[in-house]
Amino acid sequence: MPELPEVETVANGLNKRVAGTTIESVWIGEKRQPLKSTARAIAKMLEGARIKVVRRVGKHIVADLEEETGDPRGQWIIHLGMTGSTLVVDPAADLPKHTHLIAKLSSGKEIRFVDPRMFGKLAVTPTSKLFAAPGLEPLQVSFDDFQRLFRGRNTPIKSALLNQKLLSGVGNIYADESLYRARIRPRRKAKSLTRAELARLHEKLGEVLREAVELGGSSVNDYVDSEGNEGFFQLRHNVYQRTGKPCLVCKTPIKRFVIGGRSSHYCPECQK
DNA sequence: AGGTTGACCTGGACGC
DNA sequence: TGCGTCCAGGTCAACC
């Protein structure tokens, strides 16, 4: 499900509700697919840990864990995949199918990781190997660095935007929406973009991501934040999943095609 | 090395 | 009602 704005919304919501609390016990389900560390390692890292802060790094949620003394203990890394959610709930709340982990907190609440398709990931890491995103942060990248990422690349700009080793956090929705705002066709080779086009893309990508964060992300299928609330940015989509509907600027029907195995949407009139 | 494809999963929507 | 098909916001390994 979630790209940068959705992950940011979840991470901020978690931080607000669980920072400073201690994880008293952990339940882990039978399914091993979502676990990128062993169940034993996850339980050992989480049980007894105090959550210092929860934040977004790329598309990952990172919880910094500390001892009761305040010494650092390690990190809990969550990736939501396509359908994952991380909720803070009352223990009496209905237990959804596909719940893979429950962390009982000193506050009396629970953190639950739920993921039907199991493309999400749970991992823990010691302080000696702190988590880092593979690429640059889309909300902070300078224009010079942005240009350098795409210059000389023979792949479509859409695919380059989705490459997490270049920018970490952009997914299918915001790639399509930023290319629309920058008036660039998704199929264009990255290396064919002019300096002016790259400047527009740099500006519009930041703009669309910031607007989406403000509106709590896009709820297209099943995305909800840490309190179970939907986002509102889907109401502002110009092209994503609007195939055949009129462009909001020129009325031309929005086209869809597949690129790199992902559906892509664009206005054939506004985007060149 | 950079680029492309298909595999990993469940479930909802749609057509017949 | 049921069955088949297509689609889905993300990686990641395996190929060229």
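Every chain is numbered from 1 and lettered A, B, ... according to where its sequence line falls, protein lines coming before strand lines.
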_Presence of Q33(A) side-chain N/O under 4.0 Å of dC9(B) phosphate oxygens OP1/OP2_ = yes

_Contact under 4.0 Å: T83(A) side-chain N or O vs dG11(B) OP1/OP2_ = no

*D225(A) (side chain) donor-acceptor with N229(A) (main chain) under 3.5 angstrom*: yes

*For the side chain of R153(A), counting heavy atoms from C-beta on, which of dG2(B), dA8(C), dT10(B) is nearest?*
dG2(B)

*Does dT4(B) have OP1 or OP2 sitting under 4.0 Å from an N or O in the side chain of T155(A)?*
yes

*Could you tell me the separation between the NZ atom of K165(A) and the C1' atom of dG3(B), rounded to a whole number of Å?*
12 Å

*Stepwise side chain to side chain donor-acceptor pair (under 3.5 Å) check, S264(A) with K158(A)*: CA-CA 8 Å; S264(A) 301; K158(A) 168 72 184 277; 2.8 Å; yes

*Would you tell me if any nitrogen or oxygen in the side chain of Q164(A) comes within less than 4.0 Å of OP1 or OP2 on dG10(C)?*
no

_Nearest-angstrom distance, P atom, dC9(B) to dA14(C)_ = 15 Å

_Please determine whether a side-chain nitrogen or oxygen atom of K121(A) lies at a distance below 4.0 Å from atom OP1 or OP2 of dT11(C)._
no

*Between dG10(C) (C1') and E3(A) (CD): distance, integer Å*: 9 Å

_Nearest whole Å is fine: how far is dA7(B) P from M118(A) CE?_
18 Å

*Residue matched to dT5(B) through Watson-Crick or wobble contacts both under 3.5 angstrom*: dA13(C)

*Can you label the angle between the H265(A) ring and the Y240(A) ring as parallel, tilted or perpendicular, going by 30° and 60°?*
perpendicular

*Between F119(A) and dC8(B), do the rings stack, that is, sit under 5.5 Å apart with planes less than 30° off each other?*
yes

_Considering every strand and a 4.0 Å limit on heavy-atom distances, what is the contact class for S218(A): base, sugar-phosphate, or nothing?_
base

*Selected nucleotide, minimal atom distance to P116(A) side chain, candidates dG3(B), dG10(C), dT10(B)*: dT10(B)

_Closest non-hydrogen atom pair, E137(A) against R56(A)_ = OE2-NH2, 2.9 Å

*Whole angstrom value for the distance that separates P of dC14(B) from CD of Q241(A)*: 12 Å

*Rounded to whole angstrom units, what separation is found between the CG atom of D222(A) and the C1' atom of dG10(C)?*
13 Å

_Any H98(A) side-chain N or O less than 4.0 Å from OP1/OP2 of dG11(B)_ = yes

*Can you figure out which of dG10(C), dG3(B), dA8(C) approaches the side chain of Y240(A) most closely?*
dA8(C)

*asked:* Using a heavy-atom cut-off of 4.0 Å across all strands, would you classify P34(A) as base, sugar-phosphate, or nothing?
replied: nothing

_Just N and O in the side chain of R117(A): are any of them under 4.0 Å from OP1 or OP2 of dC8(B)?_
no

*Expressed in angstrom and rounded to an integer, what is the separation of L35(A) atom CG from dC8(B) atom P?*
19 Å

*So what does G261(A) hit on the nucleic acid, given a heavy-atom distance under 4.0 Å: a base, only sugar-phosphate, or nothing?*
nothing

*Between H100(A) and H98(A), what is the ring plane arrangement, given parallel below 30°, perpendicular above 60°, and tilted in between?*
tilted

*K97(A) near the nucleic acid: base, sugar-phosphate alone, or nothing, with a heavy-atom cut-off under 4.0 Å?*
sugar-phosphate

*Could you check how far NZ of K36(A) sits from P of dA13(C), rounded to whole Å?*
9 Å

*asked:* Just N and O in the side chain of H79(A): are any of them under 4.0 Å from OP1 or OP2 of dT11(C)?
replied: yes

_Non-hydrogen side-chain atoms of E68(A) and T22(A) separated by less than 4.5 Å_ = yes

*asked:* Output the rounded distance in Å from CG (L149(A)) to P (dG2(B)).
replied: 12 Å

